[in-house]
Amino acid sequence: MKITRLSECTFEQAIQVWNKGFEGYFADVTMSLDGFIARLSAVGLSAEGSIVAWENNQPVGFILNGFRTVRGVKIAWNGGTGVDPQFRGTGYGRRMMEACLDVYKEHDVDIAYLEAIAQNTPAIALYERMGYRVVDHLTFFTHTGPLPNDAFRLKGDGESNNGLTKSDEGVGQVVRGLPQQVAQLPFYQAFSSWQTQWQSVSGGQAVILLDSKGDAMAYALYKSMLNDAGEVSAISLLQCATREDIADQASVIRRVCCEVYGPFDLSCTRSTVNTPASGQVLVKVLEEGGFTPRAQQVMMQMDLSDGLRINS
């Protein structure tokens with residue numbers, strides 16, 4: 001087996017190994033060449049920092065990597081691992097993971113992250129043997145069609161107008177802006193899963209709720225998708241959080257969800273990406289609003305810098 005960087009492959013070889021490596025996977029993630037190139041750019045994957053395994057001059061496995069510095073911490077993300085079916089179970093995965101550790105050392109990585117399908121126990125076991133640990137459980141929630149008029153009604157509400165409340169629970173102003181604006185908030189979830197960090201929300205939007213004093217009390221990162229007619233066909237929530245000192249976090253999160261998912265009579269697909277189980281309040285609000293789980297993953301982390309431990 002020979003291991004090279006993805007940057008040494010042709011485009012045709014790259015898409016070949018991607019589609020072959022995910023053959024028989026839990027979900028159909030096959031892509032066109034254009035889709036593959038777009039994904040590398042959209043989520044910040046590095047062709048020079050990603051690896052490809054070769055056998056008889058044919059690519060048979062890969063690990064895609066991305067690198068970021070988050071609040072002074074250098075992180076790496078495994079954005080996809082795949083092995084050609086005929087080479088699975090023969091040690092290719094482990095040898096590629098070992099090669100990845102060398103890449104991480106080159107990039108002075110402090111913490112390495114990845115997500116794995118919860119049912120993919122062989123992969124999770126391999127990652128644990130390599131030094132990763134499960135730090136959270138992630139769920140994709142979804143709701144199709146219009147939302148009920150009372151989907152995010154607050155306690156004590158009377159008639160609800162698309163979930164908006166009479167009292168607004170102390171909300172002074174709703175500010176809409178760009179994803180990068182939330183990164184400056186002291187309660188921004190900087191070490192959330194890679195695809196929910198603001199850098200991955202290309203073309204996305206942010207909602208920030210201010211209290212009566214003008215201080216930020218909650219935020220959301222989300223993205224709306226349009227159909228060919230320019231109509232909203234899907235809304236995807238990536239992050240939603242409140243200040244820890246907010247007494248009734250559920251009420252505030254319901255208000256944020258109203259801003260993200262409204263108007264409720266819009267018939268579209270509303271979903272979330274990698275909602276963490278540690279965010280129990282958001283999970284409860286979504287479930288009460290009629291959202292159901294579609295897929296689940298585990299978030300795994302490996303600490304590579306002595307004394308540095310995030311999500312412990």
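The residues of the chain are indexed from 1 along the displayed sequence.
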**Student:** Backbone N or O of Leu138 within a donor-acceptor pair of the Gln297 side chain at under 3.5 Å?
**Tutor:** no
**Student:** Same cluster or not: Val182 versus Val175, using hydrophobic residues (I, L, V, M, F, W, Y) connected whenever any side-chain heavy atoms lie under 4.5 Å apart?
**Tutor:** yes
**Student:** Just list the side-chain donor-acceptor pairs under 3.5 Å for residues 124-131, sequence neighbours left out, or say none.
**Tutor:**
none

**Student:** Out of Ile75, Val73, Asp303, which one pairs with Asp110 under the side-chain contact (heavy atoms from CB on, under 4.5 Å) rule?
**Tutor:**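 Only one option passes, and that is Val73.
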**Student:** If only atom types and distance count, is the side chain of Lys223 paired as donor or acceptor with the main-chain N or O of Ser202 below 3.5 Å?
**Tutor:**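 Flag set: sc Lys223 to bb Ser202 pair under 3.5 Å.
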**Student:** Evaluate the side-chain proximity of Ile111 to Gln301: yes if any heavy-atom separation is below 4.5 Å, no if none is.
**Tutor:**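 Result yes, sub-4.5 Å side-chain heavy-atom pair found.
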**Student:** Is it true that the NZ or CZ of Arg68 lies under 6.0 Å from the centre of Trp77's six-membered ring and within 45 degrees of the ring axis?
**Tutor:**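 Negative - Arg68 is either too far from the ring of Trp77 or too far off its axis.
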**Student:** Can any side-chain N or O of Trp18 pair as donor or acceptor with the backbone N or O of Phe62 at less than 3.5 Å?
**Tutor:**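 The answer is no, because no donor-acceptor pair under 3.5 Å joins these two groups.
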**Student:** Using 0.5 Å steps for rounding, measure from the CG atom of Leu40 to the CG atom of Leu64.
**Tutor:** 6.5 Å
**Student:** Is there a chain of hydrophobic side chains (I, L, V, M, F, W, Y, each step under 4.5 Å between heavy atoms) that links Met225 to Leu178?
**Tutor:**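 The answer is no; the residues belong to distinct hydrophobic clusters.
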**Student:** Only counting residues at least two apart or in another chain, list the ones meeting salt bridge (charged side-chain N to carboxylate O under 4.0 Å, His left out) with Arg88.
**Tutor:**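 Not a single residue meets the salt bridge (charged side-chain N to carboxylate O under 4.0 Å, His left out) criterion with Arg88.
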**Student:** Counting N and O atoms only, with roles assigned by atom type, does the side chain of Asn56 sit under 3.5 Å from a partner on the main chain of Gln58, one being a donor and the other an acceptor?
**Tutor:** no
**Student:** State, to 0.1 Å, how close Lys2 and Thr4 come at their nearest heavy-atom pair, and which atoms those are.
**Tutor:** CE-CG2, 4.0 Å
**Student:** Side-chain contact test, heavy atoms from C-beta onward, threshold under 4.5 Å: evaluate it for Val103 versus Phe67 and give yes or no.
**Tutor:** yes
**Student:** Strictly by salt bridge (charged side-chain N to carboxylate O under 4.0 Å, His left out), give each pair with a member in residues 22-48 just once, sequence neighbours left out.
**Tutor:**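 Found Lys20-Glu23.
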**Student:** Other residues, nucleotides and ligands only: do more than 12 of their heavy atoms fall within 6.0 Å of CZ on Phe26?
**Tutor:** yes
**Student:** Can you say whether the rings of Tyr261 and Phe152 are parallel (under 30°), tilted (30 to 60°) or perpendicular (over 60°)?
**Tutor:** parallel
**Student:** Might you point out which heavy atoms bring Ile51 and Cys100 nearest each other, and give the distance in Å?
**Tutor:**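 Ile51 and Cys100 have their closest heavy atoms at CD1-SG, 4.0 Å.
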**Student:** Is it the case that Ser193 and Glu115 place a side-chain donor and acceptor less than 3.5 Å from each other?
**Tutor:** no
**Student:** Would you check, one step at a time, whether the test side-chain contact (heavy atoms from CB on, under 4.5 Å) holds for Gln189 with Tyr219?
**Tutor:** CA-CA 10 Å; Gln189 305 297 299; Tyr219 73 87; 3.4 Å; yes
**Student:** Are the side chain of Asp84 and the backbone of Val17 linked by a donor-acceptor contact shorter than 3.5 Å?
**Tutor:** no
**Student:** Is the shortest side-chain heavy-atom distance between Tyr222 and Val256 below 4.5 Å?
**Tutor:** no
**Student:** Please answer whether the main-chain N or O of Phe141 pairs with a side-chain N or O of Ser271 as donor and acceptor at a distance below 3.5 Å.
**Tutor:**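 Absent.
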**Student:** For the CG atom of Leu114 and the CE atom of Met97, what is their distance to the nearest 0.5 Å?
**Tutor:**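 Between Leu114 CG and Met97 CE, I get 6.0 Å after rounding to 0.5 Å.
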**Student:** Would you indicate whether the side-chain heavy atoms of Lys74 and His107 approach each other to under 4.5 Å?
**Tutor:**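 Yes, at least one pair of side-chain atoms sits under 4.5 Å.
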**Student:** When you compare the side chain of Phe22 with that of Met31, does any pair of heavy atoms fall below 4.5 Å?
**Tutor:** no
**Student:** Within the 3.5 Å criterion, strictly below it, is a donor on Tyr104 or Asn65 matched to an acceptor on the partner's side chain?
**Tutor:** yes
**Student:** Val29, Phe11: one ILVMFWY side-chain cluster at the under-4.5 Å cut-off?
**Tutor:**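 Yes, Val29 connects to Phe11 through the hydrophobic network.
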**Student:** State whether the side chain of Ser224 and the backbone N or O of Val232 hold a donor-acceptor pair below 3.5 Å, judged by distance alone.
**Tutor:** no
**Student:** Does Asn78 form a side-chain contact (heavy atoms from CB on, under 4.5 Å) with Met302? I'd like the steps, not just the answer.
**Tutor:** CA-CA 11 Å; Asn78 176 337; Met302 178 166 53; over 6 Å; no
**Student:** Is any side-chain heavy atom of Val273 closer than 4.5 Å to a side-chain heavy atom of Phe140?
**Tutor:** yes
**Student:** For the pair Asp215 and Arg243, evaluate salt bridge (Lys or Arg N to Asp or Glu O under 4.0 Å) and give the outcome as yes or no after the intermediate values.
**Tutor:** CA-CA 10 Å; Asp215 297 324; Arg243 290 200 323 249; 5.3 Å; no
**Student:** Donor-acceptor check, side chain of Ser50 to backbone of Ser46, threshold 3.5 angstrom: yes or no?
**Tutor:** yes
**Student:** So Thr139 and Val283, do their side chains get closer than 4.5 Å, heavy atoms only?
**Tutor:**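 Val283 does not reach Thr139 side chain to side chain.
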**Student:** Give a yes or no answer on whether the side chain of Arg176 reaches the backbone of Glu259 with a donor-acceptor pair at less than 3.5 Å.
**Tutor:** yes
**Student:** Applying side-chain contact (heavy atoms from CB on, under 4.5 Å), run through Leu221 and Thr196 and close with a yes or a no.
**Tutor:** CA-CA 8 Å; Leu221 288 177; Thr196 67; over 6 Å; no
**Student:** Please assess Arg5 against Glu106 for the test salt bridge (Lys or Arg N to Asp or Glu O under 4.0 Å), listing each intermediate value before the final yes or no.
**Tutor:** CA-CA 13 Å; Arg5 302 299 171 93; Glu106 291 177 16; 2.9 Å; yes
**Student:** Can you list the steps and then say if Arg133 with Val135 is a side-chain contact (heavy atoms from CB on, under 4.5 Å)?
**Tutor:** CA-CA 6 Å; Arg133 58 192 172 89; Val135 295; 3.4 Å; yes
